[in-house]
2 protein chains.
Amino acid sequence: MSPIIPYFQSIYPLSTASQEALAGICREISIPKNQDLQSIGQTCKTLYFLKKGMARIYYVKDGMDVTEGFYGEFNLIARAESLFAGKPSQKGIQVLEDSELWSIDTSALTSLHEEHRDIERLFAKLFQKAYVETIQRIENLQFHAAEERYHLLEKEQPEVLKRAPLKFIASYLGITQVSLSRIRAKKS
Amino acid sequence: MSPIIPYFQSIYPLSTASQEALAGICREISIPKNQDLQSIGQTCKTLYFLKKGMARIYYVKDGMDVTEGFYGEFNLIARAESLFAGKPSQKGIQVLEDSELWSIDTSALTSLHEEHRDIERLFAKLFQKAYVETIQRIENLQFHAAEERYHLLEKEQPEVLKRAPLKFIASYLGITQVSLSRIRAKKS
DNA sequence: ATCCTAATTTAACATTTGTTAAATGCTTTT
DNA sequence: AAAAGCATTTAACAAATGTTAAATTAGGAT
């Protein structure tokens with residue numbers, strides 16, 4: 001369990017009692033490469049934090065697989081639109097390599113809110129962080145052309161370029177695989 | 001003050017005491033067309049809800065004015081990336097027409113959190129809503145070509161097409177004014 | 001090692017979007 | 001009403017991205 005609680009502490013300080021309560025609902029799990037952590041159609045009832053590995057959230061639109069985002073170590077992974085609405089998600093979560101992660105059941109988490117206000121605030125903050133990252137992503141998609149978006153990804157999540165297959169990266173950037181391959185070729 | 005408290009109630013139920021406390025920190029203000037509600041460089045310390053009118057959040061990049069989003073009646077308007085970080089915002093808020101709105105000082109709001117847990121949760125929910133809309137916006141920018149994005153805006157915020165000038169709509173969609181004008185011409 | 005399959009790159013061409021500049025239309029001011 | 005200043009549209013061409021298909025490469029399975 002160890003390194004996840006210190007990570008939480010770095011986001012929002014927790015009382016000793018809250019640390020213990022929270023540690024009590026974190027489960028460690030392992031998932032083999034390419035497997036779905038959560039499938040399309042399921043309602044989001046679990047939050048994940050990667051200990052080791054890499055994951056993506058994806059959806060299928062017009063028969064095409066689209067990667068919405070890539071997530072590395074310690075990133076909060078959740079399908080917020082499903083969690084907040086309590087409705088089935090149109091999105092799935094898949095790991096790109098053999099991964100280890102912590103999972104937290106949201107109803108267990110919610111039941112800690114009454115007694116542990118700091119835990120409620122910690123997760124509010126984690127979602128705020130995710131929200132801000134999403135806003136920045138919009139700026140990126142809205143303002144930059146495909147090639148610039150590629151170089152931004154290269155700068156901000158260089159591991160993704162090494163670990164994710166071309167097709168995932170292309171749909172994440174909002175371009176075709178051929179286009180992405182062309183952009184890469186330019187580099188020389 | 002009237003209609004804003006019922007709106008809040010529809011998002012998250014509030015005790016009578018909380019309703020009164022919250023009403024006590026809502027201020028009604030009027031702003032003339034084209035004026036900035038908040039300027040670039042200011043730290044976000046106020047939240048707004050439009051009673052009447054329309055607003056946009058914008059930023060300047062490479063000398064170009066880019067509209068990040070349009071906001072209509074009862075929408076929460078805030079520069080989240082600045083609010084959550086406590087840092088100056090690179091974004092401004094401008095009203096597109098003579099507008100009336102409610103403003104809420106964030107430090108006054110925060111001071112209500114301890115005593116009024118329902119208020120804290122109400123605003124957590126409002127930001128969740130905003131977050132989910134942002135996620136959907138990404139799907140839109142990532143997956144759809146310019147013309148489709150235009151038609152989606154037409155469907156989801158038709159008032160924007162009537163009330164906002166071409167240049168704001170174009171940068172919102174991530175295209176040039178000329179391109180937008182061309183898309184419009186196709187319609188016939 | 002070899003074969004088989006999937007992933008990536010390359011090529012050729014079509015379509016979309018960007019760029020620059022001019023023409024038209026609309027508002028506001030005088 | 002005329003003039004001035006913006007906003008929007010149109011046109012012509014350039015650049016970027018999409019599409020289809022073939023060629024190459026890389027990895028896994030036998």
Side-chain angles (χ1 to χ4, degrees), chain A residues 32-36 54 56 58 60-67 70 94-98 138-154 158-188, chain B residues 32-36 54 56 58 60-67 70 94-98 138-154 158-188:
Chain A
K33 178 169 176 167
N34 292 332
Q35 191 161 317
D36 268 21
M54 169 154 284
R56 70 177 185 123
Y58 69 97
V60 175
K61 192 140 189 172
D62 298 358
M64 302 175 55
D65 176 305
V66 183
T67 296
F70 293 105
Q94 182 191 30
V95 299
L96 302 187
E97 36 192 74
D98 293 347
I138 287 198
E139 201 175 308
N140 184 349
L141 283 166
Q142 183 185 31
F143 188 77
H144 296 283
E147 194 172 337
E148 300 169 304
R149 297 202 294 275
Y150 176 78
H151 291 305
L152 263 167
L153 176 61
E154 195 174 29
E159 341 75 54
V160 169
L161 300 189
K162 287 172 203 143
R163 305 207 238 171
L166 184 90
K167 63 181 171 185
F168 293 167
I169 299 171
S171 71
Y172 173 80
L173 294 173
I175 59 179
T176 61
Q177 298 182 217
V178 176
S179 239
L180 175 52
S181 195
R182 231 171 347 211
I183 287 167
R184 281 183 165 171
K186 274 198 198 169
K187 293 226 56 173
S188 60
Chain B
K33 179 169 175 166
N34 292 334
Q35 192 161 318
D36 268 21
M54 169 156 284
R56 71 176 185 122
Y58 69 96
V60 175
K61 192 140 187 173
D62 297 358
M64 302 175 56
D65 177 305
V66 183
T67 296
F70 294 105
Q94 182 192 30
V95 299
L96 302 187
E97 36 191 75
D98 294 346
I138 287 196
E139 201 174 309
N140 184 349
L141 284 166
Q142 183 184 32
F143 188 76
H144 296 283
E147 192 172 339
E148 299 169 304
R149 297 202 295 273
Y150 176 78
H151 292 306
L152 264 168
L153 176 61
E154 194 174 30
E159 340 76 54
V160 169
L161 299 190
K162 288 171 202 143
R163 304 207 238 171
L166 185 91
K167 63 180 172 186
F168 293 167
I169 299 171
S171 71
Y172 173 80
L173 294 172
I175 58 179
T176 61
Q177 299 181 216
V178 176
S179 238
L180 175 52
S181 195
R182 230 170 350 210
I183 287 167
R184 281 183 165 171
K186 273 197 198 169
K187 294 226 55 175
S188 59

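Chain letters run A, B, ... following the sequence lines, proteins first and then strands; every chain starts at 1. Computed from a prediction, not measured in an experiment: that's the story for all the values here.
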Below 3.5 Å is the cut-off: list the nitrogen or oxygen pairs between protein and nucleotides 4-8 of chain C, distance only.
| from | atom 1 | to | atom 2 | distance (Å) |
| --- | --- | --- | --- | --- |
| C/dT8 | OP1 | A/L166 | N | 3.2 |
| C/dT8 | OP2 | A/L166 | N | 3.1 |

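In this structure, the side chains of A/D65 and A/Q94 stay at 4.5 Å or more apart for every pair of heavy atoms. Counting heavy atoms from C-beta on, the side chains of A/E159 and A/F70 never come closer than 4.5 Å. No side-chain heavy atom of B/K162 sits under 4.5 Å from any side-chain heavy atom of B/M54.
Shortest non-hydrogen contact noted between B/R163 and B/E97 is NH1-OE2, 2.7 Å. B/H144 and B/L152 get closest at one heavy-atom pair: CD2-CD1, 3.7 Å.
A donor atom on one side chain and an acceptor atom on the other are not found under 3.5 Å apart for B/E148 and B/H151.
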Show the atom names and distances, to 0.1 Å, of all donor-acceptor pairs under 3.5 Å that link a side chain in residues 165-178 of chain A to residues at least two apart or in another chain.
| from | atom 1 | to | atom 2 | distance (Å) |
| --- | --- | --- | --- | --- |
| A/S171 | OG | A/T67 | N | 2.8 |
| A/S171 | OG | A/F168 | O | 3.3 |
| A/Y172 | OH | A/R137 | NE | 3.3 |
| A/T176 | OG1 | A/S179 | N | 3.1 |

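Atoms CG (B/N34) and P (C/dT27) sit 14 Å apart, rounded to a whole Å.
Between the B/D98 side chain and the B/K33 main chain, a donor and an acceptor come within less than 3.5 Å of each other.
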> With the sugar-phosphate defined as primed atoms, P, OP1 and OP2, and the base as all remaining atoms, what B/S/- string results for nucleotides 14-30 of chain D, 5' to 3', for protein heavy atoms under 4.0 Å?
Replying inline: ---SBBB----------
